[in-house]
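Encoded as structure tokens, the structure appears first; notes follow it.
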Amino acid sequence: MNQLTLNNYLLASGLLFTLGFAGVLLRRNIIIIFMCLELMLNAANLSLVAFSRFHVGADGLPNYNAQVLVFFIITVAAAEVAVGLAIIVALYRARQTTHVEDIQSLKF
Amino acid sequence: MDHTLPWLILLAPLLSAILVLLFAHRSKSLSVSLSLAAVFVSLIGSLMAFGISPEALSTTFTWIDLGPIFKLNIGLKIDALTKVMLLVVTGIGALVHIYSTVYMAEDSAKSRFFGSLSLFMFSMLGIVLADNLAMMFIFWELVGVSSFLLIGHWYTKESAAKAANKAFLTNRIGDFGFMAGILLVWSTTGALGFSEIQNSIGKLTENPTLLTITGLCLFCGAVGKSAQLPLHVWLPDAMEGPTPVSALIHAATMVAAGVYMLARIFFLLEPSAIALTVIAWIGAITALMAALMATQQNDIKRVLAYSTLSQLGLMVAGIGVGAWAASMFHLFTHAFFKALLFLGSGAIIHALHHEQDIWKMGGLKSTMPKTFITFLIGTLALSGFPGLAGFFSKDAILLSAYHKSSGIFVVGLVTSLLTAFYMTRLLIVTFLGKGRTEAAKHGHDCPAQMTLPLILLAVLSVIAGYPIFAEFVFGHENFHAVHAAPHTILVPILAIGVFIIGTASALAIYKGKNNDPIRISLFSNRFYIDEFYAALIAGTQDMLASLSGWIDRYLVDGVIVRGLSGAAQGTGYLFRLLQFGNLQGYAFLFGAGVVTVLYLLIK
Amino acid sequence: MFPPITLEIVVLCFGLLLLLVESFSNGADKRGLAKGGIAVLALVFLGSFLLQTNPPTPEPGSYWNFYSADPSALFFKRLALLTTIGILIMAIDSQETLAKSIPAARPNAGLGEFYCLPLFTCAGLMFMASAKDLILAFVALELVTISFYVLVAFTRGSAASLEAGVKYLILGALSTGFIVYGITWIFGLTGETNLQSVAQKMTTIHDSDTALLFAFLLVLVGLGFKIAAVPFQGWVPDVYQGAPTPITAFLSVGSKSAGVLLLLRVIQPFLNVPSIQNKVLCILTLMAGATVLFGNLAALNQENLKRMLAYSSIGHAGYLLVAIASIRSIPSPFGTVGATIGFYLFGYMLMTLLSFMILTLVSSQSRGDDIQHFNGLAKRSPFLASALLVAMASLAGIPFTVGFYGKFLIFAQAIGAQQYLLLGLGIVAVAAGFYFYFRVIAAMWWNEPSVTTPIAVPGLTRTAIAILVVSIFVFGVFPKPIMLLFQQ
Amino acid sequence: MLTILLLVPILGAVSLLLGKGDRGLTKICALLQTALTLTIWFAYDRTKAGYQFTFASDPLLPGLDLRFSLGVDGLSLLLLLLSAFVSLAAVWLAPKAEKRPQLYDACILLISAGVTGAFASQDLFFFYAFHELALIPTFLMIGLWGSGERQAAAWKITVYLALGSIILLIGLVDLFLAIPSPNRSFDLVKLQQIEMHHLIPVAKQLRPWCFLTVGFGILVSLFPFHSWAPTGYASAPTPVAMLHSGVLKKFGLYGMLRLVVPLLPDAGKLPVYSNWTAMDLLLLALLGNILYIGLVTIAQRKLDYVIAYSSVMHMGYIFLGIASLNLIGLTGSALLMFAHGLSVAALFAVAGAIREREGSLSLDRLGGAAKSVPFLGICFAMATFASIGLPGFANFASETMVFFGAFKDPGSSFIRTATILSLWGVVISAVYMLRAYKSAFLGAPTESSSKWADLTGSSKLVLGSLITLLLLGGFFPKYFISYLKPTLELALR
Amino acid sequence: MLALGVSVILNRDPVASALSLVGSFVCLAALFVGLDAFFIGVIQILVYAGAVMVLFLFIIMLLDLRSEKRRSFNKLAIVGGVLVSSAFGAELMYVLSSFNQGKHPFPALSVTRLDDVRSVGTTLFTYFNLPFQVVGILVLVATIGVVVLSRRELK
């Protein structure tokens, strides 16, 4: 499948990123917004992996630094998800809602 | 000796002024004696000045010293011209001091009065002795201050306070021109001393317009001080001050300072025909109008005040026609008889318990004979009775006017006619007939301290005109300058003629009248000039003031300053509206920001 | 003499130790933990002055590939330490307030964690300060961010705190996304994550300016969010207002300074590329102008002091950006931009900690953090009032305070760089700043207090406040030590 | 020496803030200050130009010649004398504050410390810094003890001055950077030692000139930027009004003399807008001060506003002297600062005394006060005469010099016209001041004014000392000029 | 994959969108494998498609979120969101189109079957050990946070 160029992957990830962003902007449910954020992170991962495949080192192997970074990103994302969901749950307990319009008490 | 003498003359009054105003104001008698002493010191000093060398002696003290580029000196200089003024100022000053001891006897603020009087003496002598324009300006201002103090002596009287302010402000306007003139002179010649300027006069004359402007600017100062049209309005109101003050300041000395100044800088005016013409006509018109006003006044002091105006006008006109010496001569003689008249009127007012309306007087001839005699002499001298001082001096001016410009000459004649007329009117209404009020009936002559000056002045008003005396005072060349103009018999005859006509008509009209048969409201209301000025000031200055006040309050401060701060706050409020608290909204702004910045970056 | 990384290690280990102690100390007063934390941090701070410098040349596998101990790094470590100390002091003072809004079965349960987490945050900040590799930077940044998620939402009993937590979480995650994507691109373009090699590589890249700019933008967005730069400032006021006061202070000092440092480090390579240099600077200028104006004007009529300080912290971010936008190849006679920023942040830390400490005390005792709650403070507690006056004066930039010196340096940099637009905006901003900072002073001294009960000040806090006030003056007159510390 | 002079008020203020000491202590501090200043004044060697009594610390910024350094030369010494006496009067004549008296006194001392520091420091940075020090006390005092629209006034004066100061700060730094690098320094002495003129290339002079002139102009209430002054002074408590209008305001002019004239001499000739040069614009502004503000003053109906506006107006003359750019004009304006400071302080002092007694200062409610309070009357009259420029007072001497200087050699064609026009201001000032004096002190006494009590004892002396200084300066300007001349010659070298 | 992504943001029903998210993650993993990053692919499936998404679903169930039907859409916000995101997409396209490096195909690898698990592992544990430690701390902090935040009442 090497006829696929780097840009194809980058395009895919970019679109994925945009999709995630669009989701963040469009959806009203905080949990889904959160999912969309995960989507954005994964988009980043995709292009990272693509780049790592693209930057083949002197030894002819992919650049593993990037893959390690992907690994870190996944971990961090997981942690973030855990904390985030915990906060959202707490919020739900307090306000019985997970909708953005319902949390606008702090303003101006 | 020679060099300390001027300082002695100048500083003695200052010393007494300081002592009186700062320390001695507790005890009246002490302050009185202090300032008396001071004035006599100056008097003696000036008399001694006659003794010493005929040629000018001068001495200076540097007041501001910035090295070569700029020096302001307090320089004293005694020459023939100065001596005349010295005599007038100190002499009359001394008499007025004596007179005042009684006149102001029961005034609560007697020592303040005498203090200010000394201050006045100091500043007046300063003008007289000044050897440069800057110094003359300094004392010019000081004279204004002291006259402000003296006019406003009874400051609790609203009218007095007003008059004082009026006098000061009107003078200030004149001084504005004076200062401008000084600056112009200095910037072109680079000198301030009279003699230095005279030496480098060439720099001025090479630019005639500048010269004219300069001359007229300087003349403004004289217009203010000597109350010429259009700045004459303060003098009549100045009569609010105590009568001795009127006699000294507003008849004999200060108002004459303008003329003196013009005489001093005559060399500077001479080259500019235009300037001279303007001066001459302003003087003439002042003389005429003032005389006309005088004919309809009922307040004894005001009559005299207007006559002073018109006489000053005559002197200025004299300068204008080039007869500065003649003007000085007239100044000299006029000082005596006008002081005499004022002091006389003061005596009357004193005797009649501050009654000033001549129609409330009458018949005083019998009750206060001494006053009457002296007053009569004064009147005659003023109206130009042949053989008295006024006759000679006025004659000299008319003579040169006759040669220079017939217009001025005619005006002069008319003026002297009117002079004779209103003075006679005054005399008749005040002294002849029978007393119209109780007070008038019980008038009485005043104590010696008041009558003595009258008598002395009367004597002087008789003799002052005669060459023997005058020549001694003026010194040869000046006195001959007085009579420089070729003599014609016509002028004296005309003068006598108008005198006779004026006196006769007055006699005819006013003999035995108890109220004024003629009513010319235009004259009695002084051509409505004060009203016009009031309107003018209200129309221009106060209007502008309130306008700019409004602008400053509502435009500069209100609109601009508050507007800007309001704009800032408004913007802040708008900014805060962006913080509407919606999470997604923030995300949206975030994204919008990203998109814009990215666009800016990659476009 | 010991290697720099010991600092972080000590902090971390002690954080773990505290956690252990906490889990075994049932229901006891948790203040002890915090006090211990303060003590250790203070020790570490002192220790940071006797480190062995000149790190060995990095051999593969050693942490030196990621970790630098250059003066600026040390400087920011110390900044982080001091900040954390201040935060812990505040946390102690606001114990009652916190306890009320933490749903707990037993009194002051959960407070222990609240005292421990800042240590980990601090460690994260310190790692960030030393990070010279994007990966470490990212990880440390995330450590900080996640601990902040927790801390902001910690007092979940109060609706405000939760709301703030959610807002911070979502927007923070968004910015994380951007940062990650940015790092991705940087890596993609250079094949490197180590900043030095990135810088070298970047100069060799030719035909892909747009891509470079794209990468720059992504990073800028992410870090701009952290330092609260317009237009990424949306979260700041709400989160600052909602978060527990000590955490607000921590956010406004810690996360801002870390963000600025990282930004400085990351944009440096981009500035070395001549073809895009101008665009980068232009964008920074625009952002700086917008930020400085927004922050200071929006604060103008803000009634809630915490929110006002939030806006003002946006404003200060603006000033910092002004300095960053004035980076030029020719060094200004007023020292490097880095030093300027370092000093400004130092001063900013002092003033912010001071004002928030006092805010904590006053708001916990007069039930509210509006400006009106400070009415007549001069009567209730002259000490606090004068201290707050000093803080406000310094924030406004009155001479003889650090605040003034910082502003002076920043304006000097801007003038040197001929940034006249920014100067004009800066003038407006400073004037506005005088207005809203002085409103607090006016409230304290002009108005009469509603309640006249005097305010009790715990000893520890009193000393802290005194130290802060003194150092505000001392370094305001004699800034040299700080600057030298930064240069070496 | 100077350090002590500076420390006295500061320490006094601190101990007052700590709750120790009272009005007595304040008075002692003020006396000490005056005594020290007089000692320096007489110990100063006026034959030499340049700074004396210098003290300098190490550089405060690495690689930058910026140090805390004090020193005086003739010019700053004159202003120190001014500030010492005005502070003395301010402390002495300040009405007793019923609320927070200690804070009140501390603020007065702080302000006076600020001005002292500003004039005594020979380093640009601290010269600026000390001036700002007075900002907070002023703010607090106007807001707490002021009268009328006091809080609004406090806000306006504070924010406006802050604006001015920041512009000024930018100007200072810009100036510093405009100096070619080898002799860049914040140290006025170093700047004096090098050949100041044409140190900065002409083309580079305009920008700093504008910044500095606008900055200083705001602090001095130059025409378009004046509107903070009247409201501020009118509603400020007496001591603040005295110190601020008398001394603090001179800071800006002092800066003009210190920096703008010597370092940016040619900027005035550069065109700013079409064929208007910078100097022309400055002249326009100062004409605005003299004529426009003069008219505004005539329109005022309250004594404090009259005085406040008049103090704004007189700034025009000082600027005129500065604009002349020659020794005569500069000396004139330097002396005029001194004279105006004294006279306006005296005026405000009397006005304050009246406010104490009457409660209001609207002219139509006052009258005839000279009968019951002759001393106040005399002082007011004297100060009035001084401020309208009558001979015998320092104002006249200095105004004369200003006029002569401005007329001497037309640097710009416009300046002579401006001089003549500004002469008219002399008339205007006479109009409003005399009117004010008349309606306050002359005329028939009102029933309230007839019951007033005059000043007594020491306060008489203090107020009198201001007048005495004015008279001294009027009779022997030479003496004061001998202090100024070397310094200013150096500035024009 | 993208289609699933679209369905994530278009689905009214949280559960549905969550599931489509899982789907898109799986596809993503496939792409990883296609890029010779087997290990990452596996991790992706395990962590994301497995753990994380289960967590999501669990929470969604726990809070049994209704779909957003009851909510009336805020038209403005929708339009704005679409605009911004599409603008961003467009700009991204532009960037990519001008990104010439990426036009070339991927360089070939030296070896045919590489054991990237070892390589990633070694890199991770040797070279990247410091970040690895920090991540550990991070996870710890996260754990504490979750405990503190999600307990009904702290003991």
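Values below: all heavy atoms of this structure, side chains included; hydrogens, waters and symmetry mates excluded. In what follows, every chain begins at residue 1, and chains take the letters A, B, ... in the order their sequences are listed.
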Under 4.5 Å, heavy atom to heavy atom: which of [range] reach chain B? Give them by number, or say none.
{"range": "residues 220-239 of chain C", "value": "V221(C), F225(C), P231(C), F232(C), Q233(C), G234(C), W235(C), P237(C), D238(C)"}
{"range": "residues 303-318 of chain C", "value": "R307(C), Y311(C)"}
{"range": "residues 421-442 of chain C", "value": "Y435(C)"}

N301(C) versus R576(B), closest heavy-atom pair with distance: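 Heavy-atom minimum between the residues: O-NH1, 3.4 Å.
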Over 12 non-hydrogen atoms of neighbours within 6.0 angstrom of OH in Y420(C): yes
OH/Y573(B): more than 12 non-hydrogen atoms of other groups inside 6.0 Å: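 For Y573(B), atom OH is not crowded (no more than 12 foreign heavy atoms under 6.0 Å).
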Summary of ring pair (Phe, Tyr, Trp, His ring centres under 6.0 Å) pairs that have at least one residue in residues 271-294 of chain C, sequence neighbours excluded: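 Matches after skipping sequence neighbours: F575(B)-F294(C).
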I276(C) portion near chain B, given a 4.5 angstrom heavy-atom threshold: neither
Residue part contacting chain B, namely of I283(C), when any heavy atom lies under 4.5 Å: side chain
Choice from D209(C), T210(C), L300(C), L217(C) maximising heavy atom contacts with chain B below 4.5 Å: L217(C)
Interatomic spacing from CG in L174(C) to CZ in F590(B) - rounded to 0.5 Å: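 So the gap between those two atoms works out to 4.5 Å.
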Main-chain N/O of L601(B) paired with K279(C) side-chain donor or acceptor, under 3.5 Å: yes
Max heavy-atom pair count under 4.5 Å with chain C, selected residue of L564(B), L589(B), L598(B):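 The option with the most such pairs is L598(B).
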Option that, when pairs with chain C are counted at under 4.5 Å, heavy atom only, ranks first among G581(B), G570(B), A592(B):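 Heavy-atom pairs under 4.5 Å are most numerous for G581(B).
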